[in-house]
2 protein chains.
Amino acid sequence: MDQQNDSDGFRPIDREGLVQRVARRLSKAIVTGQLAPGARLSESVVARQLGVSRAPVREAARLLETTGLVTYEPNRGFFVRGFTSRELDDLYEFRLVIETAVIRRLIRNGLGETEARLAAQIDELHRVAGPDFDMLTQVEADMQFHRLLCAGSGNPRYLAVFEQIAVETELSIMLIGQLYDDPQRLAETHVPILDALRSGDEARAVEAISYHIGEARTLVTEQFRKLESDRTE
Amino acid sequence: MDQQNDSDGFRPIDREGLVQRVARRLSKAIVTGQLAPGARLSESVVARQLGVSRAPVREAARLLETTGLVTYEPNRGFFVRGFTSRELDDLYEFRLVIETAVIRRLIRNGLGETEARLAAQIDELHRVAGPDFDMLTQVEADMQFHRLLCAGSGNPRYLAVFEQIAVETELSIMLIGQLYDDPQRLAETHVPILDALRSGDEARAVEAISYHIGEARTLVTEQFRKLESDRTE
DNA sequence: GTCAAGGAAATTGTCGACAGTCGACAGAAA
DNA sequence: TTTCTGTCGACTGTCGACAATTTCCTTGAC
């Protein structure tokens, strides 16, 4: 089952396509705020900067488009996606629908290995809440918890849509700078979800995820509305 | 405010790009069964046949990938998506989750113009159930009804994911040949949904959509399982 | 007859170039 | 001054060509 037990750890060589690498660079630049919302993403400029041709850049941009990080206007090109607080609210409502369905399935089908994975991820969340870690690492750990939820549901489709909205969620949190005053709080808010799942009580689990996402929804949209009003002034 | 009140109505000319046209041709070929599941989609062959270069074909294929009509394997290219009955079951479960959420929102926010649109679409469904119309037209009318539901929800995200799964749903129905013995039945199964929406009774509306999708789910997956066992023999 | 290795053919990955389109700005007309 | 029109630069849309990779067929050994 294990691949390559013999010899020192031969890990699959970086056979990641050029497109993927470009996409990762771009999405990192966007999520970290290096590229501001609304900014134009010129194919030729990016291509020149990364030392590749326009073709892979274009494909990477199209990739980011499906995840909602950039938008595309015919004959005008790609732009870094900007949010309105309304769109963020819609995003979180949608996330709630998806994750509620996932929770229901998890309860009905049993947790299995997911239980241990979730527990480990909560540890990880605590670990990256230290002062040495940056916001991006914490948010990624947060998303990973929810990704594990979706992955455990047994229906790959939930994971697929989650991957799409996860990037946007990540961006939304990065945009407002921080979610909670105390970084440890981010880890703690996930504990009730796992507890509820363990209890096997569907209603309780649904309530837990609703509370969790609802809290984030409130924090993000409110913070964002402030940013919006600052911008118009 | 109005653009071009004078002279006869100048509406925006059809500025559809080459990529879109290629994508439409391909997806039609797939949905009508002209391209069988599992078939390789060679970029150069398609490009030659359509009289364009590989670039737009490639982009069109990537577009179809996001809608799930084709799959992509690095360095191997694009293939017409094949389904397992399990995947179809997952698809319909997911549709149920999405549309249930949509129904709930519709009830809470009020139908508005959606009511008239849905009613008109049911008429359309009856109209295309005649002997002169083909399966594809009927299925497209069916999808349009559900598209209207999602569009009326007020959260654009539902419409976006629906567009993705609609194509797959369409394909699934086309694959099994027909859903109901009597074409008129397809139209009739949509009536209870509209009725329930009009009543404003959320539980009843959720029940209606659950029944509707559940019925389709059973028919499609059962039919498909038969096809599967035929294939293995 | 089966299997492995090697090489040829076909396909995808990437590139640079040219044509088409857009937005901005300058200049002409009112 | 204001509005419209023509021009220009920059960008995207599409293309054909080459490089890298995979696939398939041939060939040979066992």
Side-chain angles (χ1 to χ4, degrees), chain A residues 3 10-27 29-30 35-66 69-82, chain B residues 1-7 10-27 29-30 35-66 69-82:
Chain A
Q3 45 191 358
F10 260 141
R11 289 198 291 104
I13 210 169
D14 194 9
R15 295 225 341 88
E16 191 177 47
L18 196 49
V19 173
Q20 328 278 327
R21 267 177 291 174
V22 173
R24 200 193 308 275
R25 284 282 284 273
L26 283 179
S27 81
I30 294 174
L35 280 130
R40 179 177 217 134
L41 217 55
S42 166
E43 295 174 14
S44 26
V45 171
V46 174
R48 206 162 30 237
Q49 286 176 342
L50 298 183
V52 298
S53 85
R54 274 176 54 212
V57 173
R58 197 177 164 82
E59 267 193 58
R62 277 249 130 100
L63 222 59
L64 296 197
E65 193 198 358
T66 69
L69 275 188
V70 307
T71 58
Y72 168 74
E73 298 177 35
N75 289 320
R76 303 225 321 115
F78 297 92
F79 297 85
V80 178
R81 164 88 178 274
Chain B
M1 199 67 73
D2 279 357
Q3 47 192 359
Q4 295 282 7
N5 268 340
D6 46 303
S7 83
F10 261 139
R11 292 206 287 102
I13 210 169
D14 192 11
R15 292 197 15 71
E16 191 178 44
L18 195 50
V19 174
Q20 329 276 324
R21 267 176 292 173
V22 173
R24 198 194 309 275
R25 284 283 283 273
L26 283 179
S27 79
I30 295 174
L35 278 106
R40 178 178 216 134
L41 252 171
S42 166
E43 294 176 14
S44 25
V45 171
V46 174
R48 207 163 27 239
Q49 286 175 340
L50 298 182
V52 297
S53 84
R54 275 175 53 214
V57 173
R58 199 178 163 82
E59 264 192 63
R62 280 244 126 105
L63 221 58
L64 295 196
E65 193 197 359
T66 68
L69 276 189
V70 307
T71 58
Y72 168 75
E73 298 176 36
N75 289 321
R76 304 223 322 118
F78 297 92
F79 297 84
V80 178
R81 165 89 178 275

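Residue numbers start from 1 in every chain, and the chains themselves are labelled A, B, ... in the order their sequence lines are given, proteins ahead of strands. This structure is a prediction, so every number in the text was calculated from the model and none was measured.
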Review point. Atom OG of S53(B) and atom CD of E43(B): how far apart are they, to the nearest 0.5 Å?
Key: 10.0 Å
Practice item. To the nearest 0.5 angstrom, please state how far the CD atom of Q49(A) sits from the OG atom of S44(A). Key: 10.0 Å
Distances for protein N/O vs nucleotides 22-25 of chain C N/O pairs under 3.5 angstrom?
from    : atom 1 : to     : atom 2 : distance (Å)
dC22(C) : OP1    : R15(B) : NH2    : 2.4

Check your understanding: Between residues 41-55 of chain A and DNA chain D, which residues have a heavy-atom gap below 4.0 Å?
Key -> L41(A), S42(A), E43(A), S44(A), R54(A)
Point to revise | Nearest heavy atoms of V22(A) and A60(A), plus distance in Å | key: CG1-CB, 3.6 Å
Review point. Just how far, in rounded Å, is P of dC15(C) from CZ of R58(B)?
Key: 12 Å
Study note, to complete from the structure: One should read off an interatomic distance between L26(B) CG and L63(B) CG, to the nearest 0.5 angstrom, of 10.5 Å
Exercise for review: Measure the spacing between CZ of F78(B) and CD of E65(B) and express it to the nearest 0.5 Å.
Suggested key: 6.0 Å
Review point. So, for T71(B) and R81(B), which heavy atoms are closest and what is the spacing to 0.1 Å?
Key: CG2-CD, 3.8 Å
Check your understanding: For the helix from dG1(C)-dC30(D) to dA30(C)-dT1(D), how many degrees between its two end axes (five pairs per end), to the nearest 10°?
Key -> 10°
Check your understanding: Nearest heavy-atom pair of P37(A) and G82(A): which atoms, and what distance?
Key -> CB-CA, 3.9 Å
Revision key, fill the gap. Which of L41(B), L35(B), I30(B), V80(B) passes side-chain contact (heavy atoms from CB on, under 4.5 Å) with L69(B)? Answer is I30(B)
Point to revise | E73(B) CD to dT22(D) P, straight-line distance once rounded to whole Å | key: 12 Å
Check your understanding: dT11(C) C1' sits how many Å from F78(B) CZ, rounded?
Key -> 12 Å
Point to revise | Contact summary for A61(A) and V70(A), nearest pair of heavy atoms | key: O-CG2, 3.5 Å
Check your understanding: Taking atom C1' of dT21(D) as reference, at what distance in whole Å does atom OH of Y72(B) sit?
Key -> 11 Å
Practice item. Considering non-hydrogen atoms only, spot the tightest contact between P56(A) and L18(A) and give its length. Key: CG-CD2, 4.1 Å
